[in-house]
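A note on names: the letters A, B, ... follow the listed sequences, proteins ahead of strands, and every chain is numbered from 1. Remember, predicted model here, so these are calculated numbers, not experimental data.
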There are 2 protein chains.
Amino acid sequence: MAEGSTSAMGGENLLFLTDEQLRKGIEAMFFAYRGFTADPDRILEVHGYGRAHHRALHFINRTHGTTVNNLLNILGVTKQSLNRVLRTLIEDGLVESRVGRKDRRERNLFLTEKGDTLERALSEAQRERMRAAYRAAGPQAVAGFRQVLEAMMDDEIRRQYTNMRDRRA
Amino acid sequence: MAEGSTSAMGGENLLFLTDEQLRKGIEAMFFAYRGFTADPDRILEVHGYGRAHHRALHFINRTHGTTVNNLLNILGVTKQSLNRVLRTLIEDGLVESRVGRKDRRERNLFLTEKGDTLERALSEAQRERMRAAYRAAGPQAVAGFRQVLEAMMDDEIRRQYTNMRDRRA
DNA sequence: CAGTTTATGTCAGCCTTGTTGACATTCCAA
DNA sequence: TTGGAATGTCAACAAGGCTGACATAAACTG
């Protein structure tokens, strides 16, 4: 990335903040996100699921036994929207919903073995692309990548993200 | 980002390629993309438009006089889908569609003054967030960010992205 | 205990934005 | 002149967002 390294190592150099650079960053996000979702999308299509199912599987796997409400906060959708997805996942035997032990109004969500299998397939496809990108860019670039992404999140979301990270680091 | 810098500067250190690190990267992409789209989304809602309109405005502004076909390739949607968006933008007087001079089957797309105004408002909101993130992370991180994003794109897309960059660098 | 709040689920209906398929128009090029 | 390319349009459909309304059970509170 020729002109990227031009702005790197600058310090007082603010070329990386020009509108042109920022617009390029915006386009890079757009195109990269497409690549980021492309591989799981192909797998999901075979099973008749969409990205919404992937997100649910991902975060249920990530925080075993999470409640519906917690998932709503993480995903930032309405309960009706999540419920539609969750219902099909439960019906299809990918997710198990257990009545909460402490608070019986709550439902604790878990992946079944079948759900875990699909989650791993989806995740592996996505991780494979990340792995290739990380390897191509190198550890220092990856650190910068994560720094910028984290700075781009909404404050509240960053807190959730950080918690999630800390809990399983 | 404490543990990010742990893996940075490693070289032979491959900690940044562990599944856990990759999963964190995946989540960072997910959350960051939400932040990335949040500000323009709010503006679009006021005008009764969606992200699809934003994308069209962005790329029409980016490559003045682009054809519909070219836009289809960049956006990666069907012409019917794009056409619906384009039609409303033209009806609302944000986009002008001129019959091609060389090839009169083609339509060359331009922003009107009104379209340019909205595009700048959307873009400025998005750039403001990028600017803040870039400033917080610093030029070296930004270079890494761009490297990883570029490596994450599909090959064909990366070619388009690179062309677009070179043409207006 | 009665009343309120909380967590969840569900029904109905709407919107945006993606998809396919069919078909018309225009016009370049062989 | 005919074939194919570029574009546009119509119809129908699906996923996955949304809101509003309502039901239930459980927990909390005075």
Side-chain angles (χ1 to χ4, degrees), chain A residues 30 33-34 37-38 40-60 65-92 95-110, chain B residues 30 33-34 37-38 40-60 65-92 95-110:
Chain A
F30 173 64
Y33 200 80
R34 277 236 300 262
T37 54
D41 280 356
R42 273 187 285 273
I43 298 174
L44 288 159
E45 204 191 352
V46 176
H47 296 257
Y49 296 131
R51 262 181 224 175
H53 300 84
H54 184 190
R55 292 195 284 266
L57 290 174
H58 175 98
F59 285 108
I60 291 171
T66 187
T67 64
V68 173
N69 233 354
N70 184 36
L71 209 49
L72 285 177
N73 290 331
I74 292 172
L75 295 175
V77 296
T78 58
K79 64 174 179 177
Q80 294 91 331
S81 211
L82 174 59
N83 191 255
R84 179 170 35 203
V85 166
L86 229 39
R87 201 189 318 159
T88 71
L89 290 175
I90 292 168
E91 278 169 6
D92 296 353
V95 168
E96 195 191 339
S97 166
R98 296 184 207 151
V99 171
R101 279 191 309 170
K102 237 188 65 183
D103 185 335
R104 298 188 40 189
R105 289 170 305 180
E106 294 183 342
R107 299 288 179 274
N108 296 119
L109 302 170
F110 300 88
Chain B
F30 173 64
Y33 200 79
R34 277 238 299 263
T37 54
D41 280 356
R42 272 187 285 272
I43 297 174
L44 289 159
E45 204 190 353
V46 175
H47 296 257
Y49 296 131
R51 264 182 222 175
H53 300 86
H54 184 190
R55 292 196 283 266
L57 290 174
H58 176 98
F59 285 108
I60 292 171
T66 186
T67 64
V68 172
N69 231 2
N70 184 36
L71 210 50
L72 285 177
N73 291 330
I74 292 172
L75 295 176
V77 296
T78 58
K79 65 178 175 175
Q80 294 88 335
S81 206
L82 174 60
N83 192 256
R84 179 169 35 202
V85 166
L86 230 38
R87 201 189 320 154
T88 72
L89 290 176
I90 291 168
E91 280 169 5
D92 295 353
V95 169
E96 195 191 339
S97 166
R98 296 186 205 148
V99 171
R101 279 192 309 171
K102 238 187 65 182
D103 185 337
R104 298 187 41 188
R105 290 168 302 182
E106 295 183 344
R107 299 289 180 274
N108 297 117
L109 302 170
F110 301 87

Within the modelled atom types, does a donor on one side and an acceptor on the other bring the side chain of [X] and the base of [N] under 3.5 Å apart?
| X | N | value |
| --- | --- | --- |
| A/R55 | D/dG16 | no |
| B/R84 | C/dG18 | yes |
| B/Q80 | C/dG21 | yes |

Could you please name the option among [options] that lies closest to any side-chain atom of [X]?
| X | options | answer |
| --- | --- | --- |
| B/R87 | C/dT19, D/dC10, D/dT7 | D/dC10 |
| B/R107 | D/dA21, D/dC18, D/dG8 | D/dG8 |
| A/V68 | C/dT10, C/dT8, D/dC10 | C/dT8 |
| B/A52 | D/dG17, C/dT17, D/dG8 | C/dT17 |
| B/R105 | C/dT19, D/dG4, D/dT7 | D/dG4 |
| B/N69 | D/dA6, C/dT8, D/dA27 | D/dA6 |
| B/N83 | C/dG18, D/dG17, D/dG8 | D/dG8 |
| B/E106 | C/dT17, C/dC27, D/dT7 | D/dT7 |

[X] [atom1] to [N] [atom2], straight-line distance once rounded to whole Å:
| X | N | atom1 | atom2 | result |
| --- | --- | --- | --- | --- |
| B/R104 | C/dT25 | CZ | C1' | 13 Å |
| A/H54 | D/dG17 | NE2 | P | 14 Å |
| B/E91 | D/dG8 | CD | P | 13 Å |
| A/N73 | C/dT8 | CG | C1' | 14 Å |
| A/L89 | D/dA15 | CG | C1' | 14 Å |

